[in-house]
Each structure stands twice: as structure tokens, then as C-alpha cells.
Amino acid sequence: MCGIVGILAERPVAGLLVDGLQRLEYRGYDSAGLATLVGDGIERRRAEGKLANLVERLVKEPLSGTVGIGHTRWATHGRPSEDNAHPHATELVAVVHNGIIENYRVLRMELEAKQYRFASETDTETIAQLLTDFLKQGMTPQQATAATLARLEGAFALGILFKGHNKLLIGARRGSPLAIGYGDGEMYLGSDALALAPLTNRITYLEEGDWAELHPGKAI
Ligand code: GLU
């Protein structure tokens, strides 16, 4: 299980996300990535190997956006590669995940039968596709999160962002820790309080089995 950072702010977050991921490097990882909301869509930068490779990618292709999620991956399902690096995304959501989704095969088969096409070998991508399926049925991000969590078996911490909702980040945990940090009008998610240390010392941990909506200045 590796590292998650999420930031909801009013300033560009890519550099802050990389700083947070650097603080989680001690845990070991095989690839890393970021996703932010830019304009009307989701943008990602991912790279296999060290964070320096991701930083090099970001220098060539900078990432703007004031809400974002970042991840360092320790592969459990699918080899270490850029395609399998998190965040996993569809046109509607991006997800970072620590842990394992035990029933991912069944979920993937169901979603493939509904014509959803997968771009990775990971268990995590089923979460992004499942959220998308619920959103396409007309659910709000909150409803889609609740419906998705009800289908997942296994251990996880999640950070999720939604296209068109640049004042919202969702975090969820079951069996893996996830911290919520409070800044001045900014909100943070971290798999480890250490990731958030330069940003805030006001931190709470999500309750086991719980999930939270982060809005500017508050978590509900
Ligand atoms: N099971 C996920 C994967 O293999 C997440 C691994 C992790 O916790 O970094 O992509």
C-alpha cells in the first residue's frame, strides 16, 4: 500500500502534490502520478519509476488546476508501468487508491459487459469505471460514491475527483488510513499525516469504513 495526497485549493496544486508525494517516498513505490481538473476536463501526468521521472514529465508538460490528487503506487494488480500508474480515470472521474479490491474481477466483467473499456490491468480502474457507470445513471458524485463503496470488497483508501466539480474532493477508507487536513480555506487528503506536514498541522483521520466530502474550508 502506498501513498495518497489530495488538495483542494485556489492556487495551482501540482507542485504541492509532488511535495506531498516526496514525503511519502520512504514507503517505497514503483510509479507515480497526478490528476487535476483543468477547464472542463480531467488531466493526468504519470510516470513509471522514481518521482524524478514524473517531475521531468511535468517540466515538459506542466499541469495547471486548483484541485488534484497524487499517488505513489506499489503494484499489487498489474505490472509497474505508466498505464497501470494511478490516478485511474475516465472522462468523468479520477481515482487514487491504496490497497486491494478483492472482487475486482467480477466488477470488471460486469462493466465490460456494459461496454466499458479498460485501459489498465489494475483492480483500481474498476472503481473509476463503476463511479462512471453510476454518474451516467444520473447520480450525484456523493450518490455515486456511496453506491460504488457498497460494491467494493477489500481494503482501501481512496481519493476521488469529479469532472465539473472543482470545489469537491472525496476521500474514503476501509482498512487503510486516510487523513483529512484543514488549511486556510484549503483542504487536504493524505494517506499519512507526514504528507501534509508542510501544509497544515490541523489533521483528523477518517473513521474506519467512512467517507467524506471535502469542500473549501470544511469536510462533511
Ligand atoms: N492495488 C492497486 C494497484 O495495484 C493499488 C496499489 C497500492 O496500494 O499502491 O494498482
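Counting starts at 1 for both ligands and their atoms, in listed order. The analysis underlying the following values was restricted to heavy atoms, covering all of them including side chains, and did not include hydrogens, waters or symmetry mates. All of these numbers come straight from a predicted model, not from anything done at the bench.
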Point to revise | Ring geometry between His71 and His86 (parallel below 30°, tilted from 30 to 60°, perpendicular above 60°) | key: parallel
Review point. Just one of Thr90, Asp133, Thr126 clears the side-chain hydrogen bond (donor to acceptor under 3.5 Å, both in side chains) bar with Tyr116, so which one?
Key: Asp133
Exercise for review: Count the heavy atoms belonging to other residues, nucleotides or ligands that lie under 6.0 Å from CD of Glu10, then report whether that count exceeds 12.
Suggested key: no
**Study point:** Test item: Glu208 and Arg173 side chains (from C-beta on) under 4.5 Å apart, heavy atoms
**Key:** yes
Review point. Looking only at distance, does His86 have an N or O less than 3.5 Å from an N or O of ligand 1?
Key: yes
Exercise for review: Report yes if Thr122 has an N/O atom closer than 3.5 Å to an N/O atom of ligand 1; otherwise report no.
Suggested key: no
Identify all side-chain donor-acceptor contacts of residues 53-62 below 3.5 Å with residues at least two apart in sequence or on another chain.
residue: Asn53; atom: ND2; partner: Glu48; partner atom: O; Å: 2.8
residue: Arg57; atom: NH1; partner: Arg46; partner atom: O; Å: 3.0
residue: Arg57; atom: NH1; partner: Glu82; partner atom: OE1; Å: 3.3
residue: Arg57; atom: NH1; partner: Glu82; partner atom: OE2; Å: 3.1
residue: Arg57; atom: NH2; partner: Glu82; partner atom: OE1; Å: 3.4

Near [X], which atoms of ligand 1 are under 4.0 Å from a heavy atom of that residue?
| X | value |
| --- | --- |
| Cys2 | 7 (C), 8 (O), 9 (O) |
| His71 | 9 (O) |
| Trp74 | 6 (C), 7 (C), 9 (O) |

Review point. Contact between Gly99 and ligand 1, counting heavy atoms under 4.0 Å?
Key: yes
Point to revise | Residues that, via side-chain heavy atoms closer than 4.5 angstrom, fall in one hydrophobic cluster with Ile220 | key: none
Review point. Under 4.0 Å from ligand 1, counting heavy atoms only, is it the side chain of Asp123, its backbone, both or neither?
Key: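 The side chain, only.
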